[in-house]
Amino acid sequence: MSGEVDRLLVVLGDQLDDDAPLLHTADRSRDAILMMEVADEATHVPSHTQRTTLFLSAMRHFAAARRAEGWRVRYVELDDPDNTHTLTDEVVRATDTLAPNRLVVTQPGEHRVLASINAWRRSTRRPVDVLPDTHFLTSPDEFTTWAQGRRELVMEHFYRTQRRRHDVLMNGRNPVGDTWNFDKENRASLKTAPDVAAPRHWTPDATTRAVMRAVTQRFPDAPGVPEPFAWPVTRGDARAALEDFVVHRLPNFGTYQDAMWTGEPFLYHSLLSPALNLKLLSPRECIDAAVDAFDRGRAPLNAVEGFVRQILGWREFIRGVYWHEGPDYADRNALDATGALPDFYWTGATDMACMAEAIGQVRQHAYGHHIHRLMITGNFALLAGIAPRPVADWYLGMFVDGVDWVTLPNTLGMTLHADGGVVGTKPYAASGKYVQRMSNYCAGCRYDPAKRTGEDACPFTTLYWDFLIRHRERFRTNRRMAMILKNVDRFDAGERRAVQRAAANTLTRLGVT
Ligand code: SF4
């Protein structure tokens, strides 16, 4: 690519928003787009082969769409022999070649990348404009304004503010249905195998196939399997995925949001987070589609409100926390957890039926729905005392929608309580009895979820009681933990020792050292 360039517009892999100010404010005749496939971004944590494929294929499709609109695009492919494989070096190389007057980039989704961008001014000797990411409904400054002066950052309070501010499911000042939150109607379990339509499958096109070959060649040891790869990679596909969800799964999404069933990785979940996090979809259009289904009588309120809460509430809240808490958030470890991540998180080879199912699904699809993430793989990591950082890295790299702003607060805060209560006021610890209630996994498992000691004691149940014993003084003043801790107080010293011994043996046997 040659010719004079005024502004070099740097588009990162999770910034595929064709409505971004970066493009609106640009001049196609004088500005150029830069996109880069760099190995660094696929290896700084082990990245599932489908996650890397999704990012790169979506990037190539985005670049092709912009070229078709008349943009000049400098696109560096993974197997380009001159590729330096780091973001900064590629930006410097492009700047040396194109000699732009300045660089423009949208605020990234990761502190690490923002630090790199801040260094571009020096390394390129050019001004660098960092534009706000208008994909989100709440800017980091708006979140900080909301957070200031609050003793606790309570998601429910934020969510209600968002509902009012964006006028979603509102009757004047009151919520539609006179209830803000239908969470209690989102917890049904399945009694028999569900009759749910499989989500729409996108067959890889030639571009995606080429990416799959390049990714397999460059990262032969990447975790996960490359196929079946069925994720939407264009804005058009993402729009169709939204429609597929609203028509076929949204009506039951609310009721069975927390349910799990063997061989059913998707159930009624939307599967929209990869397209949302790449910015192929906007949160507002997802919310509007769900609310429209409610208005037309095609989906009940408990489903639509539950979905809206995820997008307008939780997703925006988590991103707000990420920027509000700053880069040091990643180092928090309030429960002093130091255990190693066991090998079975990578292989799925464990005799715990629930863990084998959840991890097997991640290996096969680079996906797990939220209750798998929170109450199976996350709950185990919490109870076993695995150090937060390797768990956060696992969630970042192994899931097709993994981006730091979302996986870090969800892992450290919601899942591991490592932030000491910023995201959740109490740890989401649960025994095997919860898994038994919400799934059919325990029926096919060698362990007994009711037992906390003994040869067939469920590891979740053993570790749950051990967790409560270990942390009971820490949570003594937490009102939401009071009832649970009373049960531990009833244990005599012998019972406590038996649980602790069983937990130590379980951790050794499972490779948590
Ligand atoms: Fe998981 Fe325990 Fe149930 Fe087995 S018995 S599936 S380990 S919760």
Side-chain angles (χ1 to χ4, degrees), residues 187-194 256-267 337 339-365 367-386 391 394-395 398 414-417 427-470 484 487-488 495 498-513:
R187 297 177 193 158
S189 58
L190 293 155
K191 305 300 171 223
T192 56
Y256 297 113
Q257 219 179 107
D258 289 0
M260 298 172 276
W261 197 264
T262 305
E264 294 286 349
F266 309 124
L267 288 174
L341 191 72
D343 279 350
F344 61 75
Y345 270 78
W346 304 106
T347 64
T350 167
D351 57 7
M352 291 180 280
C354 55
M355 288 291 276
E357 178 76 13
I359 295 167
Q361 290 174 8
V362 176
R363 282 177 48 76
Q364 194 172 12
H365 302 291
Y367 175 81
H369 62 70
H370 78 114
I371 213 71
H372 268 162
R373 300 191 204 199
L374 180 65
M375 299 310 292
I376 303 293
T377 47
N379 187 28
F380 183 88
L382 169 72
L383 301 178
I386 299 172
V391 183
W394 186 79
Y395 278 101
M398 285 300 280
M414 180 78 172
T415 306
L416 300 179
H417 204 73
Y428 276 79
S431 75
K433 296 290 266 181
Y434 172 87
V435 180
Q436 185 182 38
R437 191 165 66 249
M438 296 308 300
S439 75
N440 66 340
Y441 298 151
C442 301
C445 186
R446 72 168 281 255
Y447 297 112
D448 181 346
K451 290 193 180 165
R452 54 178 172 249
T453 58
E455 200 270 325
D456 60 344
C458 164
F460 278 79
T461 304
T462 305
L463 296 174
Y464 171 75
W465 290 106
D466 176 63
F467 176 86
L468 293 178
I469 292 168
R470 241 183 313 138
I484 301 168
N487 293 324
V488 178
E495 180 78 39
V499 169
Q500 288 175 310
R501 254 197 318 270
N505 290 339
T506 300
L507 292 177
T508 305
R509 188 168 50 78
L510 295 176
V512 184
T513 47

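Small disclaimer: the values here were computed from a predicted structure and weren't measured. What you see below is based on every heavy atom in this structure, not just the backbone, and it leaves out hydrogens, waters and symmetry mates. Atoms within a ligand are numbered from 1 in the order they appear, just like the ligands themselves.
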Answer whether the closest heavy-atom distance between the side chains of Y256 and L267 falls below 4.5 Å. no

Verdict with supporting geometry, T453 and K451, side chain to side chain donor-acceptor pair (under 3.5 Å): CA-CA 6 Å; T453 58; K451 290 193 180 165; over 6 Å; no

Identify the residue among H372, H369, H370, H365 that makes a ring pair (Phe, Tyr, Trp, His ring centres under 6.0 Å) with F266. H365

State whether a side-chain donor-acceptor pair under 3.5 Å links Y447 with T461. no

Heavy-atom distance under 4.5 Å between the side chains of Y428 and H417, does that happen here? no

F460 ring center near Y441 ring center (under 6.0 Å): no

Close residues, ligand 1: non-hydrogen atom nearer than 4.0 Å: M352, A353, C354, G432, V435, Y441, C442, C445, Y447, P449, C458

